[in-house]
Amino acid sequence: MHIALLDANTDRSAFAARHSSEAEKFQALLAPVTQGWRYTAFKLPDGEAPDSLAPGTFDGVIVSGSPASVHDDAPWVAGLLAMLRDSILAGMPVFGACFGHQAVARALGGRVGRNPGGWVLGRVESDLRDPASWTAAGPVALNAAHNEQVLTPPPGARVLGGTEATPYGHLAIGNTVFTTQYHPEITPDFMAALIEELASHDPADVPAEAIARARASLDQNVDNGRMARWIADFFAQATSR
């Protein structure tokens, strides 16, 4: 399996430099459940992008999270949306997390906007009420860090699950698109570091109450390993048909 890792992270701060890239986070997440998979990473905000995402160029695509918005007017955002639209319509398997979830939704005609309830940060337990064949039903706990979300899913999307605050937290389209608003690639250690980094910013950026809730969630387990298995199973079934 050869996966294109589209790294959308725009953070070039000292904090980001001290930690793994988004592509490295996803490779670490998937390593325990995949063998022999190859990855090619592209830092989209730096002007890197695959020449094509047509079926046959890669076996699948992962689109990472980012502090950027899918509404930004940066050329790389418009280029990503167009590439996703074309590749998904052509049958390329795509997984997206957070910004990637929103980018896929917007590229295909969904609506993305600010969270009605404000920032969601830290561990979140969502419910998969209508699971896909590669997931399981019931609760799944993952880390979150978002102030925008999918407000209207794209036409044809299946809502796998979510929460009251984020009702479209997990989406699928057929057997070739799987996206989540959450961050299976974020480990508890990185989540703790990110919370403290955000706490050092202007409280107008991330309110103190969101920081406090996130800190309180750190002593609870997350299901990154289970989600990694689902991502691997998603790509396996998408490429076997």
Side-chain angles (χ1 to χ4, degrees), residues 3-31 38-51 53 58 61-84 94-107 112-115 118-123 142-150 179-208 210-211 214-215 218 222 224 231:
I3 304 295
L5 283 167
L6 306 187
D7 185 339
N9 191 7
T10 54
D11 186 358
R12 299 295 181 265
S13 68
F15 171 81
R18 292 194 300 270
H19 295 277
S20 301
S21 70
E22 302 311 297
E24 290 167 339
K25 289 185 181 76
F26 272 104
Q27 290 182 68
L29 170 73
L30 293 171
R38 295 187 297 125
Y39 301 92
T40 301
F42 302 90
K43 290 190 175 183
L44 300 179
D46 292 352
E48 299 177 7
D51 293 332
L53 285 180
F58 296 93
V61 178
I62 291 175
V63 189
S64 81
S66 176
S69 169
V70 296
H71 297 292
D72 289 349
D73 59 4
W76 72 267
V77 174
L80 171 64
L81 297 181
M83 185 173 287
L84 286 174
V94 173
F95 172 79
C98 198
F99 173 90
H101 168 77
Q102 297 165 18
V104 168
R106 186 158 191 252
V112 175
R114 289 284 182 175
N115 297 345
W119 264 92
V120 177
L121 185 65
R123 179 188 182 274
L142 299 166
N143 282 312
H146 60 97
N147 64 359
E148 291 188 327
Q149 62 179 287
V150 174
T179 66
T180 180
Q181 181 56 63
Y182 304 104
H183 284 280
E185 81 286 4
I186 288 186
T187 64
D189 285 347
F190 181 78
M191 188 78 252
L194 178 61
I195 292 168
E196 297 315 309
E197 174 68 12
L198 294 173
S200 71
H201 294 186
D202 186 335
D205 295 336
V206 183
I211 296 291
R215 284 175 174 151
L218 288 173
V222 289
N224 291 1
I231 296 168

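Because only heavy atoms are used, hydrogens play no part in the values below, and waters and symmetry mates are left out as well, while side chains stay in.
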Roughly how far, to the nearest 0.5 Å, is [atom2] of [Y] from [atom1] of [X]?
X: I62; Y: F26; atom1: CD1; atom2: CZ; answer: 6.0 Å
X: L5; Y: K25; atom1: CG; atom2: NZ; answer: 12.5 Å
X: H19; Y: E197; atom1: NE2; atom2: CD; answer: 8.0 Å
X: N115; Y: E148; atom1: CG; atom2: CD; answer: 8.0 Å
X: L121; Y: L194; atom1: CG; atom2: CG; answer: 6.5 Å
X: N147; Y: R114; atom1: CG; atom2: CZ; answer: 4.5 Å

**Report entry** Carboxylate-amine/guanidinium contact E22 K43, below 4.0 Å
**Finding:**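 Here E22 does not pair with K43 in a salt bridge, since their nearest N and O are not under 4.0 Å apart.
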Query raised in the report: Between V112 and H71, is a side chain to side chain contact (heavy atoms under 4.5 Å, CB included) present by the stated rule, with each step listed?
Result: CA-CA 8 Å; V112 175; H71 297 292; 3.9 Å; yes
Within the side chain of [X], is there an N or O that forms a donor-acceptor pair under 3.5 Å with the backbone of [Y]?
X: N143; Y: M191; value: no
X: H183; Y: E185; value: no
X: W119; Y: I211; value: no

Query raised in the report: When the ring planes of F15 and F190 are compared, do they come out parallel, tilted or perpendicular, using 30° and 60° as the limits?
Result: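 Tilted, since the angle between the ring planes falls between 30° and 60°.
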Query raised in the report: When the ring planes of W76 and F99 are compared, do they come out parallel, tilted or perpendicular, using 30° and 60° as the limits?
Result: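 Plane angle between 30° and 60°, so tilted.
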Would you say [X] and [Y] make side-chain contact, with heavy atoms under 4.5 Å?
X: R106; Y: L81; value: yes
X: T10; Y: D72; value: no
X: N9; Y: S21; value: no

Report task. For N224, enumerate each residue passing the side-chain hydrogen bond (donor to acceptor under 3.5 Å, both in side chains) test, keeping only those at least two apart in sequence or located in another chain. Result ->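 With sequence neighbours excluded, N224 shows a side-chain hydrogen bond (donor to acceptor under 3.5 Å, both in side chains) to no residue whatsoever.
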Query raised in the report: Of all residues at least two apart in sequence or in a different chain, which pass the side-chain hydrogen bond (donor to acceptor under 3.5 Å, both in side chains) check with S64?
Result: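 S64: no side-chain hydrogen bond (donor to acceptor under 3.5 Å, both in side chains) contacts found.
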**Report entry** side chain to side chain contact (heavy atoms under 4.5 Å, CB included) evaluation trace for L218 with I195
**Finding:** CA-CA 10 Å; L218 288 173; I195 292 168; 3.9 Å; yes
Query raised in the report: Looking just at side-chain N and O atoms, do T187 and D189 make a donor-acceptor pair shorter than 3.5 Å?
Result: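 Checked: T187/D189 side chains show no N/O donor-acceptor pair below 3.5 Å.
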Report task. Check L84, V61, L80 against V104 for a side chain to side chain contact (heavy atoms under 4.5 Å, CB included) and give me the one that passes. Result ->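 Only one option passes, and that is L84.
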Query raised in the report: P184 pairs by side chain to side chain contact (heavy atoms under 4.5 Å, CB included) with which of I231, L30, V222?
Result: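 The option that passes is I231.
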Query - Distance-minimising heavy-atom pair for P45 and R12 - result: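 That would be CB-NH2, 4.0 Å.
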Query raised in the report: Taking all atoms of both residues into account, what is the closest heavy-atom pair of G65 and C98, and its distance?
Result: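 Smallest heavy-atom distance, with atoms named: CA-CB, 4.2 Å.
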